[in-house]
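Below: the structure, in structure tokens.
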Amino acid sequence: MQQSRAAGGRGCALFPVLGVLFFQGVYIVLSLEIHADAHVRGYVGEKIKLKCTFKSTSAVTDRLTIDWTYRPPSSSRAESIFHYQSFQYPTTAGTFRDRISWVGNVYKGDASISISNPTIKDNGTFSCAVKNPPDVHHNIPMTELTVTERGFGTMLSSVALLSILVFVPSAVVVALLLVRMGRKAAGLKKRSRSGYKKSSIEVSDDTDQVEEDACMARLCVRCAECLDSDYEETY
């Protein structure tokens, strides 16, 4: 760890600047840097990942520890919700009981966790702290979590996407079917005017064409049924 005294530096402010801490008039070069998303948005009932990564100048050992804390908006007191040292120890008490999962990998510099079944009451500030002795000096990033209900606009966009995925292929099939039927009708009309009689091979081809057209029609009906079914499940 490298240290240098700031000229005229006073106070006890602690803040990270490009891997450097200024603490009690002393610049401390960080040997351990931690990064986390400043803001995370999630929806009620949908799993949320709180991402945290770190870089250490020392190799990872079984002495490495990770601690996640949570502070609600209406309080200045933080509570521990997750601890890691060779194994994960999620909290067994409080509102986050049985809802915190380890999704990180310390050997890849990942200290992330996830929250299952989040609610609006989970809104607040989360912090990720990592220590990898002898690297113990680091910044402490904060993540503001905002959990909301999925609005009607979000549900509408999902339905619109589903409609596009189903209607576009169906429209293409219907258009091709109409074109082929139109060409067939025009050909029959022309032949009837000229008194043309079909050979046995043409009669067989027409039978196959009718079966193919019927198959395409059934495909269109099936696509419409799938859309109705998916629409009902969405709501």
| said: Using 0.5 Å steps for rounding, measure from the OG1 atom of Thr69 to the CZ atom of Phe126. | reply: 9.0 Å
| Any donor-acceptor N/O pair, Asp67 side chain to Tyr84 backbone, under 3.5 Å | no
| query | Less than 4.0 Å between a side-chain N and a carboxylate O, is that true for Asp122 and Arg99? | reply | yes
| request: Examine distances only and state if a side-chain atom of Asp135 and a backbone atom of Leu32 form a donor-acceptor pair shorter than 3.5 Å. | output: no
| query | Are any side-chain N or O atoms of His138 and backbone N or O atoms of Val130, one a donor and one an acceptor, separated by less than 3.5 Å? | reply | yes
| said: What verdict does the side-chain contact (heavy atoms from CB on, under 4.5 Å) test give for Val40 and Thr146, after you've listed the backbone C-alpha separation in whole Å, the side-chain angles of each residue and the deciding distance to 0.1 Å? | reply: CA-CA 6 Å; Val40 173; Thr146 303; over 6 Å; no
| Got a donor-acceptor contact below 3.5 angstrom from the Trp102 side chain to the Ser114 backbone? | no
| field | NE2 on His35 to NZ on Lys55, rounded to 0.5 Å | value | 6.0 Å
| task | Decide yes or no for Lys49 and Val103: does some side-chain heavy atom of the first lie under 4.5 Å from some side-chain heavy atom of the second? | result | yes
| query | Is a side-chain donor-acceptor pair under 3.5 Å present for Glu144 with Thr125? | reply | yes
| said: Has Asn139 got a side-chain atom pairing as donor or acceptor with Ile34's backbone, closer than 3.5 angstrom? | reply: yes
| said: I'd like to know if the side chain of Thr143 and the backbone of Asp37 have a donor-acceptor N/O pair within less than 3.5 Å. | reply: yes
